[in-house]
Protein chains: 2
Amino acid sequence: MEIDQHYRALSVETFSQRLGEVEAVASRVGGEPARWDIREVGDGNLNLVFIVSGDVGSVVVKQALPYVRMVGESWPLPIYRAHFEYYALVRQAKRAPGIAPEVYYFDKPQALFVMEYLHPHTILRRKLIAGERVAQLGETIGQFCARTAFRGSELSLSSPEKKQDVGLFSGNVAIPAITESLVFTDPYYAAEMNHHTPELSPVVDELRRNARLKAKVQRLLMKFTANTETMLHGDLHSGSIMATDTDVRVIDPEFSQYGPMAFDLGMAVANFLMAYFSQPAHRQESELAAYQTWILDVIEACFTSFDAEFRHLWQTERTGVLFPKALFEEQGNSADDACDALLDEIRLDALAYCGIEMHRRVLSLAHNADFEEIEDPALRAKLEARNVLMGQALIMEPEAYGDLSALMELAKAYSQREVL
Amino acid sequence: MEIDQHYRALSVETFSQRLGEVEAVASRVGGEPARWDIREVGDGNLNLVFIVSGDVGSVVVKQALPYVRMVGESWPLPIYRAHFEYYALVRQAKRAPGIAPEVYYFDKPQALFVMEYLHPHTILRRKLIAGERVAQLGETIGQFCARTAFRGSELSLSSPEKKQDVGLFSGNVAIPAITESLVFTDPYYAAEMNHHTPELSPVVDELRRNARLKAKVQRLLMKFTANTETMLHGDLHSGSIMATDTDVRVIDPEFSQYGPMAFDLGMAVANFLMAYFSQPAHRQESELAAYQTWILDVIEACFTSFDAEFRHLWQTERTGVLFPKALFEEQGNSADDACDALLDEIRLDALAYCGIEMHRRVLSLAHNADFEEIEDPALRAKLEARNVLMGQALIMEPEAYGDLSALMELAKAYSQREVL
């Protein structure tokens with residue numbers, strides 16, 4: 001991959017010199033660039049992230065590094081991924097207004113963009129570990145997934161517009177391969193970069209011997225890798241959600257690609273379920289049941305608001321190539337059954353993708369703080385085992401849990417099960 | 001769409017002046033360009049096609065026109081489609097050697113390429129109307145579909161290679177929309193460019209009132225338009241197949257795009273079935289049964305050789321992202337069941353795509369000579385009705401005909417049915 005010859009990684013030292021003159025930054029930060037407060041806060045896996053504050057306000061600046069930050073220069077990664085993150089943010093702003101951070105400035109050769117500083121929002125994963133509640137969390141995420149799924153698909157877009165956008169995102173050739181191996185393949189064999197809690201090994205071994213499971217996961221990978229139904233966030237876990245008590249925002253779509261409508265929904269729910277299963281390590285007994293119930297309510301709201309919003313858009317914004325009104329409403333036929341059938345399919349695939357995400361977060365490279373911060377390995381393994389086995393049930397037999405009350409019962413049953 | 005300023009449509013008069021100096025042409029045709037025999041033979045819907053002959057031999061030259069030839073300049077169509085036809089021919093040559101015509105020369109700005117002159121091959125559709133047999137027809141087409149399906153997918157390709165190729169073909173933004181409307185949507189309402197045999201109207205009306213059918217077709221369109229599983233031929237009907245008694249070749253992949261593995265197979269079988277249903281108008285009673293049986297044998301061979309070749313490639317060439325050996329063979333698990341499950345899915349989708357192609361060829365813009373050349377409209381409508389109703393059965397309930405003997409029985413039953 002060619003890096004633009006003018007590309008230079010930003011640093012706290014060079015920041016105000018390089019971005020002090022950029023109007024989109026200067027006007028929002030205010031005051032003398034030399035006096036800006038500049039902090040590098042990138043705690044993620046891949047990029048530089050700066051928060052810049054001045055007399056007027058703050059902005060966030062994100063720049064791609066030409067390698068995977070958490071691994072180092074030995075794992076090079078094209079900086080053009082920042083272009084796609086920018087393209088994704090712009091599309092999300094249009095398709096689901098008010099959820100993604102607003103983008104103020106984009107510098108393509110430098111693979112950087114400047115965006116809204118979300119304040120006093122914090123990362124949702126921290127809130128879930130801390131036992132905090134967020135109003136309308138499930139509703140907002142379900143609605144966000146439905147809006148981006150519908151409006152990024154040919155239910156909404158014209159054929160050439162969609163093909164052109166798929167072509168644009170296909171330029172992000174190096175990114176999908178990461179999700180493909182880390183999420184779908186590595187968990188199911190002893191891949192080099194994997195790690196898991198040693199006490200979990202009996203469960204892991206059983207999982208990796210399950211040939212039918214692996215075949216189902218690979219079939220879902222085939223859908224993920226080839227099925228360009230809509231533009232995904234691509235990494236919608238609870239570290240990609242920021243919230244206050246009452247406001248929910250979605251950040252970091254750097255793994256955005258065109259993929260199956262069910263993927264983001266499934267990944268978000270998986271992260272709620274992992275929060276759910278990890279709670280016994282983070283809550284007092286007295287608060288545990290109520291908080292776990294709240295998380296299950298979030299999951300239920302996420303699914304139901306996805307369906308409600310998708311159905312609403314189906315009825316009011318179906319202007320694309322697919323299921324055209326000329327074939328249905330204009331011939332006196334309702335298309336509602338077709339919508340319900342599609343939603344049923346999306347839910348089953350979402351449950352299966354959910355199960356896969358539940359696996360990879362305890363078996364593959366990138367783990368979740370929800371489990372990772374549990375210091376007692378025996379307790380960690382016990383809670384992870386429940387999570388892994390529920391994930392297996394969702395992949396093997398999603399049709400048994402399409403009914404949300406069955407899904408809730410399944411989670412409750414596994415949360416009591418003594419696996420290890 | 002911008003046309004290159006140097007683009008000029010070829011003509012018989014300007015041909016030798018413009019291509020006489022091109023080595024790839026001159027060496028294969030031979031002799032004085034001014035004495036070349038040049039015939040424009042484009043009988044298709046879209047392009048200029050020349051056969052050029054000289055002392056040494058003959059070549060075929062194909063050039064895109066900036067509009068749909070069968071409709072006229074009122075329907076503009078980007079000439080860049082010829083680039084994608086060229087890209088497809090080159091990939092087919094690699095993935096299924098010996099079937100596509102060899103390409104000798106490509107001139108991108110002129111949207112033209114020079115290729116092998118197939119001789120004494122004739123268009124398969126003419127042979128089927130004339131009652132001629134072609135040895136290994138079903139086997140060759142089934143194998144061609146399996147090889148291109150497998151080797152153009154991430155069962156074979158690396159993730160970045162596949163994404164890059166999908167990106168390349170996404171540039172062909174204007175072509176998929178044609179298939180999407182002409183094949184999947186127009187047949188099911190009174191679209192402007194449609195026409196059908198007037199006597200067929202009762203059957204057509206019933207079809208267009210079938211909301212469940214239309215929903216199923218649109219779900220298949222959603223797969224077609226978004227599911228970039230492999231590089232398709234995209235228009236594999238019997239007018240895109242040329243043959244002698246013993247040799248089968250596939251031409252004209254100008255509708256090539258990345259799409260579902262089942263599509264080409266389904267379209268090819270549909271055209272064999274339309275040949276089958278139209279036979280009573282073209283054969284003497286004494287030859288009819290034997291020739292129809294031969295066509296059914298071709299269909300069966302097409303499916304079984306697709307499966308056999310796909311299974312063979314699965315076992316010997318599974319080098320891509322999907323179903324990696326690290327998860328199966330290297331862990332002592334066979335992946336054969338996963339292959340069979342995928343083949344079952346492909347067959348069901350192929351049957352449904354087959355049904356759709358059977359519809360659009362008698363209801364939409366581009367009809368088949370098999371039916372179109374039947375002069376008696378009552379007879380034509382009667383035979384078309386059997387074809388349309390079998391198509392409907394395949395779309396509504398493909399799982400009932402995944403077993404090939406059930407499929408053969410269905411065809412035989414409809415070929416006797418008095419519908420009109």
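Lettering follows sequence order; numbering is per chain, from 1.
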For the interface with chain B, which of Val173(A), Asn227(A), Asn333(A) has the highest count of heavy-atom pairs at distances below 4.5 Å?
Asn227(A)
Output the option from Ala338(B), Gly332(B), Ala191(B), Pro160(B) having the highest count of non-hydrogen pairs under 4.5 Å with chain A.
Pro160(B)
For the candidates Thr230(B), Thr185(B), Leu168(B), Asp165(B), which exhibits the highest count of non-hydrogen atom pairs separated by less than 4.5 Å from chain A?
Thr185(B)
For the atom pair [atom1] ([X]) and [atom2] ([Y]), what is the distance rounded to the nearest 0.5 Å?
| X | Y | atom1 | atom2 | value |
| --- | --- | --- | --- | --- |
| Leu327(B) | Gln218(A) | CG | CD | 5.0 Å |
| Leu322(B) | Phe184(A) | CG | CZ | 10.5 Å |
| Phe323(B) | Arg219(A) | CZ | CZ | 6.5 Å |

Region of [X] that comes under 4.5 Å of a non-hydrogen atom in chain A:
| X | value |
| --- | --- |
| Gln257(B) | neither |
| Gln331(B) | side chain |
| Lys223(B) | neither |
| Ile175(B) | neither |
| Arg209(B) | backbone |
| Glu154(B) | side chain |

Sidechain-backbone polar pair: Thr228(B) side chain, Ala226(A) backbone, donor-acceptor under 3.5 Å
yes
Shortest non-hydrogen contact between Phe328(B) and Ala215(A), atoms and distance
CZ-N, 3.7 Å
With Arg361(B), which residues qualify under salt bridge (Lys or Arg N to Asp or Glu O under 4.0 Å), at least two apart?
Asp235(B), Glu357(B)
Cut-off 4.5 Å, heavy atoms of chain B, and the answer for Leu342(A) is side chain
Holding to side chain to side chain donor-acceptor pair (under 3.5 Å), I want the full list of residues that pass it with Glu180(B), two or more places apart in sequence or in another chain.
Ser159(A), Lys163(A), Thr225(B)
